[in-house]
Amino acid sequence: MPELPGLKPGGIAARARAGIAPAGPQASYLSGLNPEQREAVETLEGPLLVLAGAGTGKTRVLTARVAHILASGRAFPSQILVVTFTNKAAREMKDRIQGMVGDQIEGMPWLGTFHSIGVRILRRHHELVGLKSGFTILDTDDQIRLLKQLLAAENIDEKRWPARLLASTIDGWKNRGLSPKDVPPGEGAVFANGKGGMLYAAYQARLKALNAVDFGDLLLEGIRLFRENPDVLAEYHRRFKYLLVDEYQDTNVAQYLWLRLLAQGSKNVCCVGDDDQSIYGWRGAEVDNILRFESDFPGAKVIRLERNYRSTGHILASAAHLIAHNEGRLGKTLFSEGDEGERVSVTGAWDSGEEARAVGEEIEALQRAGHRLSEIAILVRASFQMREFEDRFVTLGMPYRVIGGPRFYERAEIRDALAYLRCVNSTADDLAFERIVNVPKRGIGDATMKQIHDVARAAGVPLQEAARVLTESEELKPKVRGTLRGLIQAFERWREQARIMSHTEIAEIVLDESGYTEMWQKDRSAEAAGRLENLKELVRSMEPFESLPGFLEHISLVMDVDNGAGEDAVQVMTLHSAKGLEFDTVFLPGWEEGLFPHQRALDDQGKAGLEEERRLAYVGITRARASARIWFASNRRIHGMWNSTVPSRFLDELPDAHVQVEESRGGMGWGGSSYGGGGSYGQSRFDRAEPFAASSYSTPGWQRAQTSRARTEAGGGSGGGRGGFSERGGRYDAGAAARRGPMVIEGTLVASSSASSSAFKRGERVFHIKFGYGEITGIDGNKLTVQFDKAGEKRVLETFVEKA
DNA sequence: CTTCCTTAGTTTTTT
DNA sequence: ACTAAGGAAG
């Protein structure tokens, strides 16, 4: 841990007196900033909130601000605290600051994630929070294993009260800055009939006994440290002259408390964020933190960055109009001085297969037109949506890259390998030992483990030591005793070797001699080769580190690895992982009720959930520089069952004037032949044989025909009339429904969810192409609830059924 | 202790 | 429909 250079308070003043002037107007880092950005950079004193809309140059402001602080001689590099959320953001920030200030970046140890800075502080003062030096940081697997033991000890049925649930409950408390004694009794009682609070306390006690902390503790213990040791806090107050926080809308309560304690010193705290891009409420982020900034930090100044440099006019206007449906915003209006560009397109597809096919074709066309694939992204709401696109790309031979998904260090083989290394590194790492004691299979199962545990508890020693003692007794069966002794001796041997060999050599020896590599070599499953490759990659990734402990510390905090980007491929990822990125062309598939907004968000969080989903939609659209292409499918398979779906309400919330509704290109136009001529894409024969051929449904023209027919039959409406935004979720009201036209944008009908009155009656028998025959049990606008004979009750658009 | 079968749960993700 | 994880049987 590099110590800080000695601080000489007089130093800065002296420097200033010596004539190192505040940056002049020519300073290179100021050039090209717009007036608001420049104000945000130059407002150094007092609390400042920079509300930076999507694409308004947020990172630029943060980095220029650091450069400005340094150039004006107001602080040493080591006196600036810069906090980000992710390692990726920290890395990016570091690179960009380096680009502006060069080597001075080396003197900035306090640039990092909340957690990495949290560890750094705890390591320096470990004794004050009851930790020994070299404490370990648990990963989620360790956490679960520990909690399972606690549940077993309390005789709590793990079926009814899963350890995972307890883990996330405790995590939630920690996110809110609650230590065991602070948990409201009522809340603590929710888990396991009143034992939740007690289990939390027991968990914390176990962590202390293991000399370990979890991620939440990195902040929580920091808060406790500061509160209980004013002198320590005062030291940091003196140290941090300027504090900068990125993505402030994502902070949770614990992070806010931690930050507020530190900011009480210099008060020069600058938070940058965008309330409209808060999409992590479900993991504890408090939008309230940013909404309340001005009252939390008295005298705070707020600067809005609203000039967008990323997207064209239509895209920006669409996003702005959509997000305006949210209440409880600080309110920003993005504008751009660029072209209007191309309208946001909305296209319907018959099903998710056609959606993937059509998007694939559009991407091929873009490719032919000279667009780079890496400038094209597909942003989905849920990861299961990715598969269909992947399948399609594989068939097309289209290069693609999935971003996100299981990260490198979370893979089982990597965690196993790391557990071996942790055991070599420390005899006291019980959780690591438990993980690998029987991997590969050695015949050391629950029974033997229980014996080891008993000895360990009785003697108050770690498991490895207990195992060693056991092998010297007569307690174990000879065979087990032999293997266990072999393992223990191997660990001792590796530890010896670790003193003289490099950590990469040791890693190879351990993986080889433990039989772990061999286990995967013998494995005939498809993933085995990849896993072996990952193990090699792991050893490679150790090279830049000085020592084994250094490496282990790093990976406990940095769970991602720089996966070599580079090659030209379509980027496929979730909307969440797209935050902060931008592309020329963005495809946004799956805009259907239930999927987006996701039903669970609505069920669990109600209006707040809906607003967060809407922010997610906003994030999605604003990723696009030149082209945003939204899709919805009328049918989607969820959990293996085909469901008829309804277009997302967010489509209705887009502004007419900036949206272009397009014909699906995947189908063959309408009234035409059967699907793709060959119908070879998973449509059943049945689909093709029907007059309701798949392609026809998806075209706005067909829907317009259907809707106007329905309206005519209901005795109302002028065809193609101008429609307003339809209201959702209301009870069925024939009169109102008849008065409302379907939503029309630029003369083209958008599939609307509750536009016209129904041509159907309750109790009527109907036929659906996918679900077969059924009886109508309910009508809501143009949505029917049908009890199908075979498929059960479904909600379907009336345009997809015919009278039986 | 291992193997096979049943069962439950399938939004988003970082540290 | 699928998978992963946990429990019962061998």
Side-chain angles (χ1 to χ4, degrees), chain A residues 83-90 112-119 137-144 148 157-160 162-165 168 171 174-175 213-220 222 247 250-252 254-255 278-285 379-387 403-407 409-410 412 437-450 477 479-480 483 553-560 573-580 590 594-605 609 612-613 615-617 619-620 636-643:
Chain A
V83 224
T84 64
F85 262 82
T86 63
N87 292 296
K88 195 174 153 220
T113 63
F114 276 101
H115 293 87
S116 67
I117 289 168
V119 182
I137 302 163
L138 298 195
D139 64 28
T140 351
D141 285 9
D142 297 330
Q143 228 177 325
I144 300 284
K148 276 187 180 164
D157 181 12
E158 225 242 287
K159 263 295 196 29
R160 232 184 114 216
R164 292 201 162 279
L165 179 64
S168 60
D171 221 43
K174 290 191 172 181
N175 283 340
V213 292
D214 66 15
F215 281 115
D217 287 339
L218 296 179
L219 292 161
L220 213 51
E247 304 277 19
D250 288 339
T251 48
N252 60 36
Q255 286 156 341
S278 163
I279 55 176
Y280 286 110
W282 49 273
R283 67 176 196 212
L379 310 183
V380 297
R381 175 64 182 83
S383 45
F384 76 83
Q385 291 174 261
M386 291 179 184
R387 225 196 87 184
I403 314 286
R407 274 174 304 285
Y409 291 115
E410 280 171 16
V437 70
N438 201 30
V439 183
K441 303 255 187 299
R442 299 191 172 90
I444 301 169
D446 288 349
T448 313
M449 271 318 287
K450 187 171 182 311
K477 293 202 190 96
K479 202 177 161 192
V480 177
T483 43
E553 167 88 8
H554 172 80
I555 53 104
S556 62
L557 289 170
V558 180
M559 293 299 281
D560 69 343
M573 67 192 88
T574 62
L575 287 160
H576 282 91
S577 36
K579 193 168 76 149
L595 177 60
F596 192 37
H598 200 281
Q599 194 57 49
R600 280 264 303 251
L602 266 36
D603 291 346
D604 299 350
Q605 307 288 329
E612 183 153 312
E613 295 286 295
R615 290 193 289 269
L616 203 47
V619 167
R636 188 175 293 278
R637 195 164 43 175
I638 296 165
H639 313 324
M641 292 263 279
W642 279 97
N643 285 81

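Below, chains carry the letters A, B, ... as their sequence lines are ordered, and counting in each starts from 1.
Candidate nucleotides B:dT2, B:dT15, B:dT11 were compared by shortest atom distance to the side chain of A:Glu613, and B:dT11 ranks first. For A:Phe215, counting side-chain heavy atoms from C-beta on, the closest listed nucleotide (B:dT11, B:dT15, B:dT13) is B:dT15. The side chain of A:Thr113 has B:dT15 as its nearest neighbour among C:dG7, B:dT15, B:dT13. The side chain of A:Leu557 lies closest to B:dT15, out of B:dT15, B:dT12, B:dT11.
Looking at heavy-atom distances under 4.0 Å, A:Asn87 makes contact with sugar-phosphate atoms alone, never a base. Across all strands shown, A:Asn438 has heavy atoms under 4.0 Å from sugar-phosphate atoms exclusively, and none from any base. A:Lys148 comes within 4.0 angstrom of sugar-phosphate atoms only, judged by non-hydrogen atoms across all strands, and of no base. Residue contacts for A:Ile444: at a heavy-atom cut-off of 4.0 Å it reaches the sugar-phosphate backbone alone, with no base atom in range. No engagement by A:Thr140 is indicated, since no non-hydrogen atom pair under 4.0 Å with the nucleic acid exists. Counting any heavy atom pair closer than 4.0 Å across all strands shown, A:Asp446 reaches sugar-phosphate atoms only and no base atom. Among the atoms of the strands shown, none is found under 4.0 Å from any heavy atom of A:Asp171. Nucleic acid contact class of A:Ser383 (heavy atoms, under 4.0 Å, all strands): sugar-phosphate only.
Going from atom NZ of A:Lys479 over to atom P of B:dT2 covers 9 Å, rounded to whole Å.
Nucleotides B:dT12 and C:dT3 have their P atoms positioned 16 Å apart, rounded to a whole Å. Here the separation of C:dC2 from B:dT13, taken at their P atoms, is 23 Å to the nearest Å.
Side chain of A:Asp214 to backbone of A:Leu138: no donor-acceptor contact under 3.5 angstrom is found. Checked by atom type and distance alone, the side chain of A:His115 never pairs as donor or acceptor with a backbone atom of A:Leu218 at under 3.5 Å. Under a 3.5 Å cut-off, the side chain of A:Asn175 and the backbone N or O of A:Arg283 do form a donor-acceptor pair.
Put simply, A:His598 rests on the base of B:dT11: the two rings are less than 5.5 Å apart at their centres and nearly parallel, under 30°. With its ring centre under 5.5 Å from that of the base six-membered ring and a plane angle below 30°, A:His639 counts as stacked on B:dT10. A:Tyr280 does not qualify as a stacking partner of the B:dT13 base, lacking a centre-to-centre distance under 5.5 Å together with planes within 30°.
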Practice item. Evaluate side chain to side chain contact (heavy atoms under 4.5 Å, CB included) for A:Lys579 paired with A:Thr86, printing each intermediate quantity in order. Key: CA-CA 12 Å; A:Lys579 193 168 76 149; A:Thr86 63; over 6 Å; no
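More than 12 heavy atoms of other shown residues, nucleotides or ligands fall within 6.0 angstrom of atom CG in A:Asp157.
One finds no side-chain N or O of A:Ser577 lying less than 4.0 angstrom from the OP1 or OP2 phosphate oxygen of B:dT12. Taking only side-chain nitrogens and oxygens, A:Arg600 comes nearer than 4.0 Å to OP1 or OP2 of B:dT11.
Ring geometry, A:His576 versus A:Tyr280: the interplanar angle falls from 30° to 60°, so the pair is classed tilted.
Remark on DNA chain B: of its neighbouring residues A:His576 and A:Val480, the 5'-side contact belongs to A:Val480, judged by nearest-heavy-atom nucleotide. In this structure, A:Arg381 and A:Thr86 both approach DNA chain B, and ranking their closest nucleotides by distance from the 5' end singles out A:Arg381.
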